[in-house]
Amino acid sequence: MVMGKRLAMKSPLLGINKLWAARKGLNSLLLFLIAASALAIVAAICRQGEAVTESSLSREGSFGARRKCDPSSGRWVFDNQSYPLYPERRCSFMSDQLACEKFGRKDLRYQNWRWHPHDCSLPRFNGTKMMERIKGKRLAFVGDSLNRGQWISMLCLLETSAGLAKSPMIFSGSLTTVRFKEYNASVEFYWSPLLVESNSDDPINHRLPERIVRLESIEKHAQHWTNADILIFNSYLWWRRDPKMKVIWGSFESEEKEYEEIAMLTSFKMALKTWAAWLHAHVDPVKTQVFFVTLSPTHQSSREWDLNSEGNCYNQTDPITKEGYWGRGSDRAMMRAVEEAVDQLRESKPELSIAIIDITQLSEYRKDGHPSIYRKQWEPLTPQQLLAPTSFADCIHWCLPGVPDVWNELLYAALFPSPL
């Protein structure tokens, strides 16, 4: 009985001990849960920080995703370790209009400048990755000789970076095609300097005393590029010769055609409207990506960057360093017209992938990047010209390798929209 009482007396103590043990276990569980929650919160904050960092690298617009980094705002950095992206002599597609080293330019620093946006870095062009992107597809540049220069730059980048076999250029009227059989891909250029039909549409004989445009007609050109998978357009300098553009109503062949002179900017906007209407009606948004490259600046007067000088791009060997420099030849109103046309097209056909590649500000700095006198001269120079090199210096086009390679780096970044 005594033993029974003792055992009975131990029972409450055993219960208390179990209760304390349970509380102790519960406390440990609570501490574990608190610690786990704290770690989860810290991890979430880190992830949020990473997301903020990633989003701060980019902007909405040129690259199609919401990004804060403006790749068109930055500075040129001299980099003779990783630039040029290819040697001039190794590009079988090189044009004599752009081959400055071949035609005697000795200072080659223009090849060694890398564009560095203020808040991010451009991805390095990967030719193999680009060829995989366009495998079985058509990549088409449509526009004037500046766009042709970008097309040649793209061919040089692809040929040297991806190690492609040499391919011939196939000429068919205004369309020039290079087909890379290894990838069943074509990289094309279509000559259409005013986008719409004009009397300057011949790819060779287009230097005419008077330019005439047919503002409501684009089908003659568009039938050749509508089914491309990636379209890159430009149009600017060919509108700039006169304050008014001569416009034809009716076809060039018609006996009942009429002419009218319309202010240059107004006619440019009308052409963009025709261009946008065609894209809206005929381009497959599932298949095709569209880009419009902004105006390419010129450097025709050195007084624009040095008031005490007389000259142009001839003998210029370094970029302009003044941030925000803007030459008088670059028309902001025409740039806004392009932006408005693209915005309206986005609103009317939101499923269409269309973006602007802004090359203007970064190119403004590169007074050193033009062929100047170092290119093939299509006509014999006069004794007077030879005595004054600035009189025949080309301050419109760009040496290759050089500035247009960066335009294609921007295009590459737009086609592969990952954090820059």
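Only this structure's heavy atoms are used, side chains among them; waters, hydrogens and symmetry mates stay out.
- Legend: salt bridge (charged side-chain N to carboxylate O under 4.0 Å, His left out) pairs involving residues 147-165, not counting sequence neighbours: none detected.
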What side-chain donor-acceptor pairs closer than 3.5 Å can you find for residues 276-284, not counting sequence neighbours?
residue : atom : partner : partner atom : Å
Trp278  : NE1  : Thr226  : OG1          : 2.9
His280  : NE2  : Ser348  : O            : 3.3
Asp284  : OD1  : Val286  : N            : 3.0

Donor-acceptor pairs are to be reported for all side-chain atoms of residues 316-324 against protein atoms at under 3.5 Å, with residues two or more places apart or in another chain.
residue : atom : partner : partner atom : Å
Gln316  : OE1  : Lys367  : NZ           : 2.8
Gln316  : NE2  : Asn312  : O            : 3.4
Asp318  : OD1  : Arg109  : NE           : 3.4
Asp318  : OD1  : Arg109  : NH2          : 2.9
Glu323  : OE2  : His118  : NE2          : 2.7

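- Ring geometry for Phe233 versus Phe292: interplanar angle under 30°, hence parallel rather than tilted (30 to 60°).
- The disulfide bond (SG atoms under 2.5 Å apart) pairs that include a residue from residues 346-384 number zero, where partners must be two or more places apart or lie in different chains.
- Within the structure, the salt bridge (charged side-chain N to carboxylate O under 4.0 Å, His left out) test picks out the following pairs touching residues 170-196 (sequence neighbours left out): Arg138-Glu188.
- Pairs engaging residues 139-188 under the disulfide bond (SG atoms under 2.5 Å apart) rule: Cys91-Cys156 [sequence neighbours left out].
- Residue pairs that meet the ring pair (Phe, Tyr, Trp, His ring centres under 6.0 Å) test with at least one member in residues 303-359, sequence neighbours left out, are His299-Trp305.
- Residue pairs meeting the disulfide bond (SG atoms under 2.5 Å apart) criterion with at least one partner in residues 179-273, sequence neighbours excluded, do not occur; the list is empty.
- The main-chain N or O of Gly402 is found under 3.5 Å from a side-chain atom of Asp405 such that the two form a donor-acceptor pair.
- Listed by chain and residue number, Pro285, Lys349 satisfy the side-chain contact (heavy atoms from CB on, under 4.5 Å) test with Glu351 (two or more places apart in sequence, or in another chain).
- Asn199 contributes no side-chain N or O that, together with a main-chain N or O of Val213, makes up a donor-acceptor pair within less than 3.5 Å.
- Applying the salt bridge (charged side-chain N to carboxylate O under 4.0 Å, His left out) definition to pairs two or more places apart or across chains, those involving residues 383-402 are Arg375-Asp394.
- Legend: disulfide bond (SG atoms under 2.5 Å apart) pairs involving residues 350-397, not counting sequence neighbours, sorted by first then second residue: Cys313-Cys395.
- Sorted by first and then second residue, the salt bridge (charged side-chain N to carboxylate O under 4.0 Å, His left out) pairs involving residues 243-264 (not counting sequence neighbours) are Glu210-Lys246.
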